[in-house]
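The block underneath contains the structure these notes are about, expressed in structure tokens.
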Protein chains: 2
Amino acid sequence: MIGGGPVAVTLDEVAEAAGVSKSTASRVLSGSSRVSAQTKRAVQSAAERLGYRPNRIASGLRTRRSNLVGLVITNLVNASFHRITEVLQQRLDERGYQVLLCVTDSDPARERRYLDMLLDHRVDGLIIVGTGDNTATVREVSAAGIPVVNLMRTPDGAPGDSVMAADRDGAELAVRHLLDLGHRSVAFIGGPAGVDSGRDRYAGFTAALATAGLEPDPALCARGPFTVPFGAEAAMRLMAADNPPTALYSANHEATFGVLGALVQLGVRVPEQLSLVCHEEAPWFPYWHPPITVVDNGARDLGELAAEQLLRRIDSRPDNGDPGEGGVGRLIRVGSRLVVRDSTTAPRRPE
Amino acid sequence: MIGGGPVAVTLDEVAEAAGVSKSTASRVLSGSSRVSAQTKRAVQSAAERLGYRPNRIASGLRTRRSNLVGLVITNLVNASFHRITEVLQQRLDERGYQVLLCVTDSDPARERRYLDMLLDHRVDGLIIVGTGDNTATVREVSAAGIPVVNLMRTPDGAPGDSVMAADRDGAELAVRHLLDLGHRSVAFIGGPAGVDSGRDRYAGFTAALATAGLEPDPALCARGPFTVPFGAEAAMRLMAADNPPTALYSANHEATFGVLGALVQLGVRVPEQLSLVCHEEAPWFPYWHPPITVVDNGARDLGELAAEQLLRRIDSRPDNGDPGEGGVGRLIRVGSRLVVRDSTTAPRRPE
DNA sequence: GTGCTCCGTGGGATCGATTGCACAGCACGG
DNA sequence: CCGTGCTGTGCAATCGATCCCACGGAGCAC
């Protein structure tokens, strides 16, 4: 047809076709109030016949609910984050909420712009893996009555609830495993102190050492960004020392790639010369040569619980007068678990 | 404060504070029509003072533009897809469009529900990595005047434009590389014939063989799902044969994990006993032992071009009378490139 | 028969922005 | 001095759904 533009069917037209008023049609289709069975049928068949699709924009304007949730995340490449994103999206969708995806690439300026934008879109909730540089803006979002869930990271002064990995416990688990195998010279490659996971994993590392009566050796600790090159460089330096470690705890999977590359380059055999634990699961670790022992931080559960917590807050919002104060920011910790594979073994020459 | 609910500032209030009418305030803030410099300043300062944030829902109702784009994708775990998603999101955001993320997990029922939902949200565009089971619904979307871009896959009868990887060429490139090294017994592990990339990569495989005067040996061809277990099982079977291949083309990175696991388990050394090419880059392939030769299908460009093409269609929509017919579905192919690393070498005993 | 409740339905205001139309004021040319 | 055109502004309709309020009629008790 010529000029047959994209004409959307409105509620009015459905109502007219069914011979009832707009109000009644609305009641039938949103199923709120009681309607006679006959009217119901008439409206439903009219809607179907005309191919009616409700306009969520109009509906959102009136009800002040967008059915949108903002997900502000630093990246998707990291193994945990894309898994978390998938789970989150699915759980939220099951309850009628859609995800507005915002990847910040850890850039505070982008993060800030996204937060403003999400405010403009009147999202019903916000899940954020934050850089920590925009807590003021996040507070604005929260103050606007929008529930906020901090995921993986809870910057100082951040409003809302938090769903966090048990980073400290996980690291302790991993390092104690190495100590139990008999290692005494355990190296640490981990993230910056400015990030929650960096700080907490280091704390777990030292805590485990302490239970064995050891103190961290500064020469065996490398702290820097969670990147492949950093891991490679750190591993190079550690293994080139006069007295190289017999075991290595690597706090992140990206860095671990760098480590593995460096080890191949140096000809260091795992686990014969070096036992290796990575604090983060990745789909290929079970297939590595050798399969890598890891700490699984429960990415699936993190996504699941973050979605659940947000939905809880959204649900309880219309009821009570003051929105967020009811729980004063709940903190949920997701347990970590050690998965022992073949990259860890007893040291060859116990000291 | 008690009872200080989340009161949003409206345009009316800004207008009143600035001493002008709603229309004028709107004109200033959306910068459409000419306004005197003085009024402009007054409105802008009032807006800033009150912390005004435009309500995109209301705006969307009036303008019939949601500034939302639906991204329907089978999963995020696959290396290419999360990279593509990141790039897409960034490019669309730069032009003022936000991404509504929908992960189908290749489930046609979920896909269908998402398409309906996106229609209800009145998205301004749709980018879809489709299952191929809902072309009718996608046509509805397109018929509603919403530009559609098919990504990676273009099911038969799909409306809209397509941005595709050069799967056939890429596979041919990879296999020719193996043939050039002297291999004559080249195995194929690839996807189902029902998926574009499965079909095209197989076509490239046979085409390359043909240039060397060879025909595909059914005993050396495994076709099945793009999964780790399938790759493992296929590799097991292929290498257990009386006359195992000297080279292997693996059409997908997930299957390649399985292959690598199986090879480790069987004690097959790469590349000494088997040369291996994977048709898909993954961040860890350069760090594998040995680093894996791959065909990079240009994920970054795929995202980039899909966003660009969609934006082009969105921009050209209000101008011309009939929405999509102007280009009758443009097909954009993104070039592939071979990255030679250490997993491929000449066969030990050329036949 | 009167008064009451309850049910199903319709009328119409409303959410917050955009935009066509009209009009006031001013400048300028004839 | 008047007509014409341009600029800046305001009025009010509009987008499409939701939902408060009111109303007619049925059923029932006294």
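So you know, we letter chains A, B, ... as the sequences are listed, proteins then strands, and number each from 1.
A donor-acceptor contact under 3.5 angstrom links the side chains of B:Thr137 and B:Arg112, judged on distance only. In this structure, a donor-acceptor pair under 3.5 Å is absent between the side chains of B:Gln44 and B:Arg41. Under 3.5 Å, the side chains of B:Gln98 and B:Asp93 contain a donor-acceptor pair of N or O atoms. For the residue pair A:Thr24 and A:Ser21, a side-chain donor N or O sits within less than 3.5 Å of a side-chain acceptor on the partner.
In this structure, CZ of A:Arg27 is placed 8 Å from P of C:dG10, rounded to the nearest angstrom. Atoms CG (B:Leu11) and P (D:dG10) sit 12 Å apart, rounded to a whole Å. In this structure, CG of B:Asn55 is placed 18 Å from P of D:dC15, rounded to the nearest angstrom. For B:Asp12 and D:dC11, the CG to P distance is 11 Å, given to the nearest whole Å. If you measure from atom CG of A:Leu29 to atom P of D:dG16, you get 16 Å, rounded to the nearest angstrom. Look at CZ on A:Arg34: it is 18 Å from C1' on C:dG10, rounded to the nearest Å. Distance CZ (A:Arg65) to C1' (D:dA17): 15 Å, rounded to an integer number of Å.
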Could you check B:Arg153 against B:Asp196 for salt bridge (charged side-chain N to carboxylate O under 4.0 Å, His left out), going step by step and ending with a plain yes or no?
-> CA-CA 6 Å; B:Arg153 304 176 190 169; B:Asp196 283 351; over 6 Å; no
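To the nearest 0.5 Å, atom CD1 of residue A:Ile127 and atom CG of residue A:Leu310 are 4.5 Å apart.
Comparing D:dA17, C:dT19, C:dA17 against the side chain of A:Lys22 picks out D:dA17 as the nearest. Checked against C:dG11, C:dG8, C:dA17, the side chain of A:Ser21 finds its nearest nucleotide in C:dG11. Considering only the side chain of B:Ser26, C:dT19 comes nearest among C:dA13, C:dT19, D:dT9. Looking at the side chain of B:Arg62, the nearest of the listed nucleotides C:dA17, D:dG16, C:dT18 is C:dT18. For B:Ser23, taking side-chain heavy atoms from C-beta onward, the closest of the listed nucleotides D:dA17, D:dA12, C:dG12 is D:dA12. Distances from the side chain of A:Arg64 to the nucleotides D:dC20, C:dG16, D:dG16 place C:dG16 closest. The A:Leu61 side chain lies nearest to C:dC15 when the options are C:dA17, C:dC15, C:dT18.
The side-chain heavy atoms of B:Leu76 and B:Val103, taken from C-beta on, include a pair separated by under 4.5 Å.
Residue B:Ala25 is the one, among B:Thr63 and B:Ala25, whose nearest nucleotide of DNA chain D lies closer to the 5' end (criterion: closest heavy atom). Nearer to the 5' terminus of DNA chain C, by closest-nucleotide assignment, is the contact made by A:Ser36 (compared with the other of B:Ser59 and A:Ser36).
Of the residues in residues 37-50 of chain B, those placing a heavy atom less than 4.0 Å from an atom of DNA chain D are B:Thr39, in numerical order.
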